[in-house]
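Following: one structure in C-alpha cells, then a few remarks.
Ligands are counted one by one from 1 in listed order, and the atoms in each one are counted from 1 as well. Everything numeric in this text was worked out from a predicted model, so none of it was measured.
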Amino acid sequence: MNVHAHALAQGYPFDEQTSAFAGDVIENLAQYPKRLSPKYFYDATGSALFEQITVLPEYYPTRTELGILRDRGREIAADIPKPAALVEFGAGATTKVRLLLQHCEFGAYVPVDISGEFLSAQADGLRKDFPDLDVHPVAADFTTPFALPAEIADMPKVGFFPGSTLGNFEPHEASSFLRTAREILSDGAQMIIGVDLEKDERVLYDAYNDAAGVTARFNLNVLVRINRELGGNFDLSAFTHRSIYNRDRHRIEMHLISRKAQNVRILGNNFSFRPGESIHTENSYKYSFERFTALARSSGWSVRKSWTDPARMFSVHALVASD
Ligand code: AVJ
C-alpha cells in the first residue's frame, strides 16, 4: 500500500506538503545512515523552540549577527544603490531586515518564504512601520528558481540571507544556491549574507548542547511532528539528542540516537533501529573567511566587504555579482 492509501485508511487527509514530508521521511529513514532534513524542524513548536535557542547564553550566532547589523548597518548600507529592491531568502522574524531598512532607503522589500501565511503577517507589520516601503511577499521555495514581482523589474536587486542558514547546505548545495540567487537577482546584483565562522570547538559544542536542553527538545521535536502529522509511533524517551563538531568537515552535526533496539512504524512502513544507531538530523557548516570567499568566487560572486564582531564569532559579507 502506498503512503496515500495508508494515510487515508488511518484518517490522515494529506495535503501536498504533508505528502512531500511523508515521502521524504520514509525515503530517508529507509537509508543507512538514517537521516531527516533540518527543514522539517520548523512546525509551530519547532519555530517557537528555535526562537528560544536564539536567546540562550550558549547560542552566540543570533545575538552576534544582530550586533554586527546594528553596529555596522550604516556602513553595510552605504554602498547599496538607491532605491534598490531588497529580496530576503527565507523570511523569519523581521528583526534583522529592520536593521537594514533603518539605514538604507530601499524602494521595495520582497520577502520570499515557503509559508505564505507567515509572510503576509510579517509584511503587514513592516508596512505599518515603514509606510513608504512597497512590500511584495513571494510564497516560494527559495532554493529553486522563482520569479520576482514585476513591480521591481527596473530596480537594482540586493539579496539578503542572514542567520547562517547557508550552513545547513552541503558545500555543493551552498554553491548552487548562490548561483541560483545570482541568476534570480540578475546582473549587477549585490547580496548581504550572514555566515557563522569556524572557531574554538568548545564554543561550538556548547552552542548546540545548551545546559537548559532547549536544543535537545528542538531536535526531538521532529519525531513529535512525525508522530502527529504522519501517525508515527516514535517513543521519545527512547531517543537522545547528540551534537558533535566534525572538524574535518567544518560542521556541527546533530543526531538523534536510539537508546535501544527498537522498531518504529510510519504509515505502514517499519524502521528498525540498532542500539546506538543515529538519525542524522542537521549539519551546520562553519566557514573561515578564506573558505567562504572561495565558495562565493566559485559561485558567481565576489566579496566586496566583510564585517565581524570583536571576538570574530560571526561574519556578514557584502557580495557583488561577478561576470
Ligand atoms: C537556523 C540553521 C542557522 O545551524 O545554528 C540551531 C539551526 N540548530 N541550533 C544553526 C540550529 C540547532 C541554526 N540555523
Record the part of Phe218 in heavy-atom contact with ligand 1 below 4.0 Å; permitted values are side chain, backbone, both and neither. side chain

Hey, mind stepping through Lys96 and Glu88 against salt bridge (Lys or Arg N to Asp or Glu O under 4.0 Å) and telling me if it holds? CA-CA 10 Å; Lys96 290 170 189 170; Glu88 182 167 2; over 6 Å; no

Element-labelled atoms of ligand 1 that are located less than 4.0 Å from some non-hydrogen atom of Asn168: 2 (C)

Going by the order shown, which atoms of ligand 1 are within less than 4.0 Å of some heavy atom of Tyr42? 1 (C), 7 (C)

Give the ring-plane orientation class for Phe239 versus Phe234, where under 30° counts as parallel, over 60° as perpendicular and anything between as tilted. perpendicular

Report the relative orientation of the aromatic rings in His317 and Phe289; use parallel for angles under 30°, tilted for 30 to 60°, perpendicular for over 60°. perpendicular

For atom 11 (C) of ligand 1, closest protein heavy-atom neighbour: Glu282 OE1, 3.6 Å

Whether Lys128 and Asp124 form a salt bridge (side-chain N of Lys/Arg under 4.0 Å from carboxylate O of Asp/Glu) is what I want to check. no

Backbone or side chain, does any N or O of Tyr59 fall under 3.5 Å from an N or O of ligand 1? yes

Classify the angle between the aromatic ring planes of Tyr40 and Phe21 as parallel (below 30°), tilted (30 to 60°) or perpendicular (above 60°). tilted

According to side-chain contact (heavy atoms from CB on, under 4.5 Å), who are the partners of Asn209, at least two apart in sequence or on a separate chain? Tyr205, His241, Ser243

With heavy-atom distances below 4.0 Å as the criterion, list the atoms of ligand 1 near Gly163. 3 (C)

Atoms in ligand 1 flagged as close to Ser164, the criterion being non-hydrogen separation under 4.0 Å: 3 (C)

Salt bridge (Lys or Arg N to Asp or Glu O under 4.0 Å) pairs touching residues 276-285, sequence neighbours excluded, are Lys34-Glu277

Short list, please: which atoms of ligand 1 are under 4.0 Å from a heavy atom of Ser284? 4 (O), 5 (O), 10 (C)

Ligand-residue contact atoms, ligand 1 with Phe50, heavy atoms, under 4.0 Å: 1 (C), 6 (C), 7 (C), 13 (C)

